[in-house]
Engineer: 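Sharing a structure below in structure tokens format, with a few things to ask.
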Amino acid sequence: MPKGNGGRHVEIRLQPWPKTIPEAIETQRRLRGRIRTVDDAEHAVRTVAGVDVAYERDGDRLAAAAVVLDYASLEVVETSTVIATAEFPYEPGLFAFRELPALVEALRELATTPDLIVCDGHGLAHPRRFGLACHLGLLADVPTFGVAKTVFVGEFVPPASRRGAWSPLTVGDEGWGNGENIGAVVRTRDGVKPVFVSVGHRISLDTARAHTITLSRHARLPETTRRADHLSREVLAGRISPSVGR
DNA sequence: GCGACAG
DNA sequence: ATCTTGTCGC
């Protein structure tokens, strides 16, 4: 019965977490088939969470933050932060294996299960169609999508300069419109650089794009990632104590 | 072979 | 991601 709302805690298990590049790639290939790119039957989104990780310039300490907002007011409802150590090197295409352990820890500490999670990075717009947003969506079994600041894979035509304008992000398209659509290049504010939106899990691209516009009411990036980004940096800097770790 | 490469 | 001053514009 507790689907989305009213749920108690985000339940996630990491199972044997990959330690090597080959293992990580194999894990993505094994899990990508489970991704669902359609909206859930129930649409109501009352709470939305943003997640992000801040890194120490030298050393391997990191701070992960999960911020839950009330979708309608964009007011903070709850936050959770974790100080941890980076166990996986940054590798383009495998960056979920570096950030997810800490993010999952932070999500577990939340008292409520958000109806949606917005990730800082790509979902399907990934070399193997399994970016961080897809991976987190599957592990948490919560609707997710990613909003990245730069393109990773795919081609696109710059969208018009007005807020709301967008163009498809495609791959395998040599100019004849026969490629596959892996995301959307969205202009969240008039005249700013566009962001790259792609589905994570249990959501459609159209819905993810609509949420991106709604959540980017005050800036180029969604309020969710802005809040999570800021909080993770404050915790890493020691100006705010983490709810987990020390 | 060479360069590119989410954060 | 992180390192960095000033600067242009609403």
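Lettering follows sequence order; numbering is per chain, from 1. Bear in mind that the values here come from a model prediction, so they are computed numbers and not experimental data.
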Engineer: Please check: side-chain N/O of Arg61(A) versus main-chain N/O of Ala84(A), any donor-acceptor pairing under 3.5 Å?
Structural biologist: no
Engineer: For dA6(B) and Lys149(A) - does any side-chain N or O of the residue sit under 4.0 Å from the phosphate oxygens OP1/OP2?
Structural biologist: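 Result: no.
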Engineer: How long is the line joining CD of Glu99(A) and P of dA6(B), in whole Å?
Structural biologist: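 Distance, rounded to whole Å: 12 Å.
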Engineer: Which whole-number value in Å describes the distance from Leu100(A) CG to dA1(C) C1'?
Structural biologist: 16 Å
Engineer: For a quick test of reading the model: is some side-chain N or O of Thr150(A) closer than 4.0 Å to OP1 or OP2 of dC5(B)?
Structural biologist: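 No, outside the criterion.
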Engineer: Can you measure Phe196(A) atom CZ to dG7(B) atom P for me and round it to whole angstrom units?
Structural biologist: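 Going from Phe196(A) (CZ) to dG7(B) (P), I get 10 Å.
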Engineer: In whole angstrom, what separates Lys193(A)'s NZ from dG9(C)'s P?
Structural biologist: 18 Å
Engineer: Within the 4.0 Å heavy-atom criterion, would you say Gly146(A) contacts the bases, only the backbone, or no part of the nucleic acid?
Structural biologist: nothing
Engineer: Arg189(A) near the nucleic acid: base, sugar-phosphate alone, or nothing, with a heavy-atom cut-off under 4.0 Å?
Structural biologist: nothing
Engineer: What's Leu103(A) touching, base or sugar-phosphate or nothing? Going by heavy atoms closer than 4.0 Å.
Structural biologist: nothing
Engineer: Once you apply a heavy-atom cut-off of 4.0 Å, does Ala125(A) come out as touching a base, just sugar-phosphate, or nothing?
Structural biologist: nothing
Engineer: Heavy atoms only, 4.0 Å cut-off, all strands: where does Leu132(A) land among base, sugar-phosphate and nothing?
Structural biologist: base
Engineer: Expressed in angstrom and rounded to an integer, what is the separation of His122(A) atom NE2 from dA4(B) atom P?
Structural biologist: 18 Å
Engineer: Angle class for the Phe97(A)/His135(A) ring planes (parallel below 30°, perpendicular above 60°, tilted otherwise)?
Structural biologist: perpendicular
Engineer: Would Tyr90(A) count as stacked on dG7(B) if the rule is ring centres under 5.5 Å and plane angle under 30°?
Structural biologist: yes
Engineer: Take the protein atom CG of Leu136(A) and the nucleotide atom P of dA6(B), then report the distance between them rounded to whole Å.
Structural biologist: 20 Å
Engineer: Can Ser204(A) and Asp39(A) be counted as having a side-chain donor-acceptor contact under 3.5 angstrom?
Structural biologist: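 Short answer, yes.
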Engineer: From CG of Leu236(A) over to P of dC3(C), roughly how many Å is that when rounded to an integer?
Structural biologist: 9 Å
Engineer: Whole angstrom is fine here: how far is it from CG in Asp52(A) over to P in dA6(B)?
Structural biologist: 15 Å
Engineer: Pick base, sugar-phosphate or nothing for Val153(A), based on heavy-atom distances below 4.0 Å to the nucleic acid.
Structural biologist: nothing
Engineer: Using a strict 4.0 Å threshold on nitrogen-to-oxygen distance, state whether Asp40(A) and Arg202(A) make a salt bridge.
Structural biologist: yes
Engineer: Check for me whether the distance between the ring centres of Phe156(A) and Phe196(A) falls short of 6.0 Å.
Structural biologist: yes
